[in-house]
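Note on naming: letters A, B, ... go to the chains in the order of the sequence lines (proteins, then strands), and numbering restarts at 1 for each one. Just the heavy atoms: all of them, side chains too, but no hydrogens, waters or symmetry mates, feed the values below.
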Amino acid sequence: MAGFLVKRLWQSVVLLIIVSMIGFGVLHLTPGGPLSQYALTPGMTQENMDRIAEQMGLNRPLPIQYLDWAWRLLQGDWGISYRDQQPVLTVIGRHLFATMLLMVSSTVISIAIGTWIGIRGATHRYSTFDYTATVGAMIALSIPTFWFGLVGIYVFSLELGWLPAGNMYTIGNGSVLNYLHHLILPSIVLALVNIAIWSRYMRTATLDVINQDFVKTARAKGVSERRVLMKHVVGNALLPMITLAGMQLPNLLSGALVTETVFTWPGMGRLFLDSLGYNDYPVVMGLLMFSAILVLLGNLIADIVAATIDPRIRLA
Amino acid sequence: MKINDMNRRKALTVLGLAGAAGVISPNLLVSPAFAERPDVPTGQIVIGVSQEPTVFNPLMPRIEVDDGVQLSLFDGLVRINPEGEFIPSLAAEVPTIENGGLSEDGLNWRLKLRDDVTWHDGTPFTAEDVKFTLDLVVDPNFRSWRTTGHNLVRDIEVVSPTEIKWRMEEPFAPYMSILVETMMVPKHILEPLEDRNEAPFNQAPIGTGAFKWGSRRAGDNLELVANPDYFGEGPFVERLIFKYIPDLTILYTQFKSGDIDVISNQYITPDNYAEAQTLAGKQVSVVPSSTVESVFLNNEKPQFQDKAVREAIYAALDKQTIIDALYYGLPSPTESYLPQQSYFYNPDLPKHEYSVEKANTLLDDAGWSRGSDGIREKDGVRLAFSNSTTSGNHLREQAQQFIQQSLGEIGIEMTIENKPPAVMWGEYWSQSQFDSVIVGIVFTTGADADVTVRFSSDAIPAQGGRGSNTGQYKNAEVDALLADAGRIFDQAKRKEIYGRVQEIIREDLPLLPLFQYATVRGHKDGLMGIEPNINTRIDTWNAAQYYWDK
């Protein structure tokens, strides 16, 4: 186990360095820059633009800029956002809360419902329920989230007036109930797609297990159908889902761009888009490193959990 | 010193009073003034913006929505009203030659300041703050926005806490407009700091304005609270909240649902105008903006050297169809780069006439004959060029396709090469790497019509110039006229000169003016004090005057 960990960590560091170099290069080699948004400002001159670029250190050679950035990062300094003028970690931290709130609630909904639909679809294979679930999943997967979002806003906010038309809370009212009220629509809209994904995976995973010998054995020795399902079938079918969940971890924290935009949810997805549009190099690089670390961490955790649950898997 | 003639203003007011239906004038948006203002600040106003205000040090590079917030937090020495008149703000009076604030040659400035102003932390505002601000703007270590004009200021001297004077290296008439956009910052907070670029002040600003800094939730909203000690009129609401809603459709939806009280920059999209007018409990109106849309040519390209070509392309532009079919008839066609509401606007420029026939004749006469592929050429130059703009701007993309077709009819090939914003307005634009672009530009600085940085031949960045003449336009007469107008403080004389500049530009056609934009603005019924001001970049320039009529 320890050997495995050291090896994985070592691989991760190399990967992170490669990711950072590619990301930094691509970002800076894209034409334009963080100052282009001022190009059309009334009275703006090239003289002023050049001066600001110099002050921001943007006219130094690229490798120097990279080394400077990497050296600071190693010392824990993620830089200052060009757009927000606050430390990158502060900026990320502020958006992380909104994203986690939305993601955790939608993930709980989608895992619970998705797993249930998947299992029921597998145990009642080719039933009306199974077909409806399959078709429903296809629809949920093929219709864009923003459409669901807009329809949801139209029906539940503008027409019925039951739910807010977006935002994380009513300004001036920071109560928990108020947050929950605002959370309902976006988390359901976001969950729709994930329910579809989870139910499909869960159905397949359950079908893989359901006809295996140990299940037959369990039934043969008179274990109740309910217990067979819960302990033997679901327990084993969930194994591949742990890997899936691990791979979903970065998604959880990197945000849902479309849902966040439609519901004016101040999360990570929108931060990424805003920063990219502005060429806010420090924040984009920060987000890139942040999600790269999450991907590696997610995979590592999934591996460890899978090994812990399933003794057949050995980490070496 | 006043920039606009009162006659036109009165004429507009009279028109407004007469209830002339269909007259689109800024006055239509002015809320009726008879409602009672509250004695103490009451209630809150939520203003929806589609870009996030993030810059709160008013001397650093900023965009429109930053202005919208800063104008409530800070004050300049002077401000400018919708009629284009300078009015005193932190200064006790606007310096003029008549009142001795300005020397005859325009070189010596002397300003008297108000004595009743305090910073939000209670410290009195004095001439020392003004000196500190004007010094900081040109401090090489400070990341300031524009130094134009400020870099001519010499020998700043604090005469007394309420009086300051300085000398200009050379006369510079637009400086008053620049001062309007220069907000004063507190010396006692910023001076002790080593690095003002990353000062805590920049995230928790202290100003003199009608509203104080409240709190900010990055990526979501920003809250300002009433400053009870404000020296001017107002404020009349307790809280002013700027809510960031990045998508224009959602911005409009939240205006409809009542989540926001005011729909600010970038306002209601033209396609929603018809529906917006029918919304219950909402006031919606069309307000002219100072942005002028044009087909902007790179005049160094061989295709555009021949004036006949520029004239022919201009003749082939069916402006009215573009305005009516794509922009719902909201913008007004224009011949000038200046907004029609500007004091300096020249209304007597020759009118554009859409005629394919005329375009063809112009090109035939100039010797541009059609090649085997139907595209005209002359002396080895093929009449083909690219046109670019920000990708994703659907209206512009449709306009491009329409123009592409129109030009095809006269044997000109226009290809469309759009780019994402950061690419489009980076070096591609500033170093004149384009053939032509469609772009909306504000040519004025505040209300001032000095366009030296846009049209003077020494302002071409691609040729080592220091301005933003990216169209690489060169005309010796324009150079001389602009240089003259910059040194004269007599507005009537300046108007004459800028009138002539507009004439020459219309004649030379370095850019092909399409129209002057109009924005569709809206707010809830009962919200009073909203007044558009074409001389500022944003609608919330006077939030101190906003109040609820309840």
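- Within the 4.5 angstrom heavy-atom criterion, only side-chain atoms of A:R94, from C-beta onward, approach chain B.
- Nearest heavy-atom pair, A:R51 versus B:T147, reported as atom, atom and distance to 0.1 Å: NH2-CG2, 3.5 Å.
- Listed options B:P61, B:A459, B:G258 were ranked by heavy-atom pairs under 4.5 angstrom with chain A; first place goes to B:P61.
- At a 4.5 Å heavy-atom cutoff, the contact between B:V439 and chain A is made by side-chain atoms alone.
- In this structure, the portion of B:M60 lying under 4.5 Å from any heavy atom of chain A is its side chain and not its backbone.
- For chain A, the nearby parts of B:V423 are the backbone and the side chain; heavy atoms of each come within less than 4.5 Å.
- Heavy atoms closer than 4.5 Å to chain A are found in the backbone of B:P140, but not in its side chain.
- Of all heavy-atom pairs spanning B:R217 and A:Y179, the tightest one is NH1-OH, 3.0 Å.
- No part of B:Q51 comes within reach of chain A, as not one of its non-hydrogen atoms sits under 4.5 angstrom from that chain.
- Neither the backbone nor the side chain of B:K419 has a heavy atom closer than 4.5 Å to any heavy atom of chain A.
- When atom types are taken as modelled, the side chain of B:Q203 and the backbone of A:D84 share a donor-acceptor pair closer than 3.5 angstrom.
- The part of B:Q431 that comes within reach of chain A is its side chain, from C-beta onward, which places non-hydrogen atoms under 4.5 angstrom from that chain.
- Contacts of B:D259 with chain A are made by side-chain atoms alone, with heavy-atom separations under 4.5 Å and no backbone atom involved.
- A heavy-atom distance below 4.5 Å is found between the side chains of B:K256 and A:L158.
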Would B:W145 and A:M44 count as a side-chain contact (heavy atoms from CB on, under 4.5 Å) if you check the C-alpha gap in whole Å, the side-chain angles of each, and the deciding distance to 0.1 Å? CA-CA 8 Å; B:W145 187 33; A:M44 187 47 105; 3.7 Å; yes
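- When heavy atoms are compared at a cutoff of 4.5 Å, A:F146 does not approach chain B at all.
- Within the 4.5 Å cutoff, side-chain heavy atoms of A:R83 are placed close to those of B:T54.
- A salt bridge is absent between B:D247 and A:R270: the closest approach of a Lys/Arg side-chain nitrogen to an acidic carboxylate oxygen does not fall below 4.0 angstrom.
- Within the 4.5 angstrom heavy-atom criterion, only side-chain atoms of A:Y169, from C-beta onward, approach chain B.
- For a residue to count as touching a neighbouring chain, one of its non-hydrogen atoms must lie under 4.5 Å from one of that chain's; by this rule B:T444 touches chain A with the backbone only.
- Comparing A:T90, A:L273, A:D274 by how many heavy-atom pairs each has under 4.5 Å with chain B, the most go to A:D274.
- A:E47 contributes no side-chain N or O that, together with a main-chain N or O of B:G467, makes up a donor-acceptor pair within less than 3.5 Å.
- Side-chain polar atoms of B:Q254 and A:N167 form a donor-acceptor pair below 3.5 angstrom.
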List the steps and the verdict of side-chain contact (heavy atoms from CB on, under 4.5 Å) for B:D220 and A:H95. CA-CA 9 Å; B:D220 193 58; A:H95 288 79; over 6 Å; no
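- A:Q55 and B:R143 make their closest contact through OE1-CA, 3.0 Å (heavy atoms, listed as atom of the first residue, atom of the second, distance).
- Atom-to-atom distance recorded for A:L35:CG and B:S430:OG is 10.0 Å, nearest 0.5 angstrom.
- The nearest pair of heavy atoms linking B:Y244 to A:T264 is O-CG2, 4.3 Å.
- Pairing each heavy atom of A:S36 with each of B:P421, the nearest pair is OG-O, 4.3 Å.
- Per-residue counts of heavy-atom pairs under 4.5 Å with chain A were compared for B:M424, B:E181, B:Q44, B:R216; the largest is that of B:R216.
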Yes or no on side-chain contact (heavy atoms from CB on, under 4.5 Å) for B:R537 and A:T41, after CA distance, side-chain angles and deciding distance? CA-CA 10 Å; B:R537 294 202 292 170; A:T41 303; 3.8 Å; yes
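- Taken to the nearest 0.5 Å, the CD atom of A:Q85 stands 8.0 Å off from the CG atom of B:N57.
- Using a 4.5 Å cut-off between heavy atoms, B:I245 touches chain A through backbone and side chain atoms alike.
- Residues of residues 187-196 of chain A never come within less than 4.5 angstrom of chain B, heavy atom to heavy atom.
- Using a distance-only test at 3.5 Å, with no hydrogens or angles considered, no donor-acceptor pair links the side chain of B:S257 to the main chain of A:A165.
- When side chains are defined from C-beta on, B:W429 counts as touching A:L40, because their heavy atoms get closer than 4.5 Å.
- Contact annotation for A:S157: neither backbone nor side-chain heavy atoms come within less than 4.5 Å of a heavy atom of chain B.
- Taking chain A as the reference chain and counting heavy-atom pairs below 4.5 Å, the highest number among B:K243, B:R239, B:E64 is found for B:K243.
- Between A:Y38 and B:I63, some side-chain heavy-atom pair lies under the 4.5 Å cut-off.
- Residue contact with chain A, scored on non-hydrogen atoms closer than 4.5 Å, involves the backbone of B:N141 exclusively.
- Taking both residues in full, the closest heavy atoms of B:A218 and A:P266 are given as O-CB, 4.2 Å, listed atom of the first, atom of the second, then distance.
- Around CZ of A:R72, the count of heavy atoms belonging to other residues, nucleotides or ligands within 6.0 Å does not exceed 12.
- Contacts with chain B were tallied for A:V262, A:T170, A:D50; A:V262 has the most, counting heavy-atom pairs under 4.5 Å.
- For the options B:N202, B:I441, B:N221, heavy-atom pairs under 4.5 Å to chain A are most numerous at B:N221.
- Ranked by heavy-atom pairs shorter than 4.5 Å toward chain A, the options B:P461, B:G426, B:P53, B:G465 are led by B:P461.
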